[in-house]
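Computed from a predicted structure; not experimentally measured.
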Amino acid sequence: MSRAAILILLSLVATTLSAQGIAVDTPLAHQQLADPAKEAEASALMETLRCIQCQGQSIADSDAPIAAAMRAEVRQRIEKGESADSIRNWMVARYGQFVSFEPTMQGGGLLLWLTPLLLLAAAMWFARGMFRKPAK
């Protein structure tokens, strides 16, 4: 292998490795708030926000760097006195409706809420057709 090819390969590996390990060193990323009431409010909110990298975990449960950044953002905003609703709205505006485990009943969230009902109605219509007695 030529020297140029080895350098290109090493630079690609180094770029890939450096892109994966973004550390979040904000003061509130891993520590709790001093006020227990504010920390409880922040923890409750973090349980209702989805990690955009893990997708199945809340930001409270996720170890992903983006979840740590989101936890730090929630704690900073709670510390400043913002309400949980305004923080949730900010997160939804920034990351989209997907970030909330409790989607609203509008737009894509409405489809999410109505899909089980539509599937149930379709299944009942299909079952009715399957079990209908044939006409004589």
Spacing of CZ belonging to R71 relative to CD1 belonging to I66, to within rounding of 0.5 Å: 10.5 Å
Partners of E47 by salt bridge (charged side-chain N to carboxylate O under 4.0 Å, His left out), sequence neighbours excluded? none
For residues 115-130, please give each side-chain donor-acceptor pair under 3.5 Å, one per line with the distance, not counting sequence neighbours.
unit_1, atom_1, unit_2, atom_2, d
T115, OG1, L111, O, 2.5

Taking side-chain hydrogen bond (donor to acceptor under 3.5 Å, both in side chains) as the test, write out the residues that go with N89, two or more places apart. none
Pairing residues for S62 by the side-chain hydrogen bond (donor to acceptor under 3.5 Å, both in side chains) criterion, not counting sequence neighbours: none
Does R77 have any salt bridge (charged side-chain N to carboxylate O under 4.0 Å, His left out) partners at least two apart in sequence or in another chain, and if so, which? E73, E82
As an exercise, state the distance from OG of S100 to CZ of R50, rounded to the nearest 0.5 Å. 8.0 Å
Once salt bridge (charged side-chain N to carboxylate O under 4.0 Å, His left out) is applied, do any residues pair with E41, and if so which ones, sequence neighbours excluded? none
Residue pairs, two or more places apart or on separate chains, that pass salt bridge (charged side-chain N to carboxylate O under 4.0 Å, His left out) and touch residues 87-99: R88-E102
Between K38 and R75, is there a side-chain heavy-atom distance shorter than 4.5 Å? no
Which ILVMFWY residues are connected to F98, directly or by a chain of links, through side-chain heavy atoms under 4.5 Å apart? none
Atom pair CD (Q53) and CG (D63), whose distance is rounded to the nearest 0.5 Å: 10.5 Å
Drop me the distance from M91's CE to L49's CG, to the nearest 0.5 angstrom. 6.0 Å
